[in-house]
Amino acid sequence: MPELPEVQTVLEGFIEAVGSTRITALDCYYPGTVILDPELESSVFPAQIQGHRRLGKYMTISLKGGHSLVVHLRMTGKLVYNPSPDEPLKHERARFSLENGAVVHFIDIRTFGKIILCKSSNLERYLPNLGAEPLEPCYTAAYLQKQLSSRKAPIKNALLDQSVVAGLGNIYVCELLYRAKIHPETPSNQVNLRSLQRIVKETRQVLAEAIAVGGTSVSDFRSIDDKTGSFQNFLRVYQKTECPRGHKIANVKLAGRSSFYCPVCQHP
DNA sequence: CAATGATCCTGTCCGC
DNA sequence: TGCGGACAGGATCATT
């Protein structure tokens with residue numbers, strides 16, 4: 001599932017693939033995949049990319065001319081660069097056409113992904129409240145302590161809440177909690193400052209390692225050039241049966257998601 | 001405000 | 001071989 005490292009990989013790939021070529025069209029093949037801002041100007045395309053930014057699991061791409069794109073892959077969304085266009089592919093929900101004749105397919109089996117095209121001045125309307133960026137200085141143990149002090153839900157649920165930390169999903173939360181040696185069911189407001197410091201440190205570490213290898217390709221995640229990431233080879237608990245120290249991995253449902261952890265290494 | 005559960009959706013896998 | 005059901009899960013919405 002695309003989380004921060006995968007979104008970062010896809011966004012960088014998209015920006016590099018499109019380069020300075022202008023986008024000439026955005027077509028939608030599945031109702032609801034492309035959302036158009038009611039205040040859009042009539043002449044959006046052709047438009048050159050001006051800048052880009054990842055916000056949590058959201059990609060934002062600003063276009064010259066005052067418009068912006070927001071892309072969210074949700075669970076199965078993919079951007080696929082194709083220098084020679086074809087008829088719409090299976091599961092192709094939308095498509096960017098480029099002035100040089102290439103296209104970028106938006107493939108999304110489960111159709112939850114979204115592409116929003118809006119006036120740049122309206123961008124914030126299309127983004128939810130996002131918490132701290134985990135790779136930026138604002139993400140600290142003190143910040144987490146403040147966020148979590150009123151919460152009793154398991155720490156794993158809190159870390160999946162995008163309004164607390166932006167960009168983490170099931171895989172990386174499982175992994176960072178293992179590295180931080182924290183049991184996923186620990187009530188959020190009972191995680192002490194020392195443990196929160198480990199959480200912050202391991203969050204940064206695991207995300208940086210994953211970004212460095214192009215993300216995690218479980219199920220069918222691919223970069224825009226159809227390359228697999230390789231962080232799946234470094235997972236320690238997610239979908240594992242044994243932790244690196246040889247203990248049996250447990251799996252409990254938290255917030256409706258499989259939560260892999262080591263009962264020996266991870267403590268409340 | 002916090003927490004929970006249903007919802008969206010389709011491919012895959014399991015058991016019978 | 002085929003079929004029903006569970007499962008995968010990010011975000012949003014309604015409900016408690």
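To find a chain, count down the sequence lines: A is the first, B the second, and so on, and within it residues start at 1.
For A/D108 and C/dG10, the CG to C1' distance is 11 Å, given to the nearest whole Å. Distance A/L160 CG to C/dA11 P: 9 Å, rounded to the nearest Å. Note: OH (A/Y30) to P (B/dC8) measures 11 Å, nearest angstrom. Atom C1' of nucleotide C/dG10 and atom OH of A/Y172 are separated by 15 Å, given to the nearest angstrom. For the pair A/Q147 CD and B/dA2 P, the interatomic distance rounds to 9 Å; values are reported in whole Å. We find that NZ of A/K152 is positioned 15 Å from C1' of C/dT16, with the value rounded to whole Å.
Between A/N251 and A/Y58, the residue whose closest nucleotide on DNA chain C is further toward the 5' end is A/N251.
Classification of A/R54 and A/E133 as a salt-bridged pair holds, one side-chain N sitting under 4.0 Å from a carboxylate O.
In terms of heavy-atom proximity, A/V34 sits nearest to A/D27 at CG2-O, 4.4 Å.
Using a 4.0 Å heavy-atom cutoff across all strands shown, A/S258 reaches sugar-phosphate atoms only and no base atom. Within 4.0 Å (heavy atoms only), A/F260 reaches no atom of the nucleic acid at all.
Neither OP1 nor OP2 of C/dG10 sits under 4.0 Å from any side-chain N or O of A/Q162. Note on A/R257: a side-chain N or O is less than 4.0 Å away from OP1 or OP2 of C/dG10. For the OP1/OP2 pair of C/dA11 and a distance below 4.0 Å, the side-chain nitrogens and oxygens of A/K57 include at least one atom meeting the criterion. Close to B/dG11, at under 4.0 Å from its OP1 or OP2, lies a side-chain N or O of A/H91. For the OP1/OP2 pair of B/dA3 and a distance below 4.0 Å, the side-chain nitrogens and oxygens of A/R151 include at least one atom meeting the criterion. Within the 4.0 Å cut-off from OP1 or OP2 of C/dG10, not a single side-chain nitrogen or oxygen of A/H72 is found.
Between the side chains of A/Q48 and A/K64, at least one donor N or O lies within less than 3.5 Å of an accepting N or O. Using modelled atom types and a 3.5 Å distance limit, the side chains of A/D108 and A/T76 yield a donor-acceptor pair. Between the side chains of A/D161 and A/N157, not a single donor N or O lies within less than 3.5 Å of an accepting N or O.
Of the candidate nucleotides B/dT4, B/dT10, C/dT12, B/dT4 has the atom lying nearest to any side-chain atom of A/A153. Nearest nucleotide to the side chain of A/I109, out of B/dG11, C/dC7, B/dT4: B/dG11.
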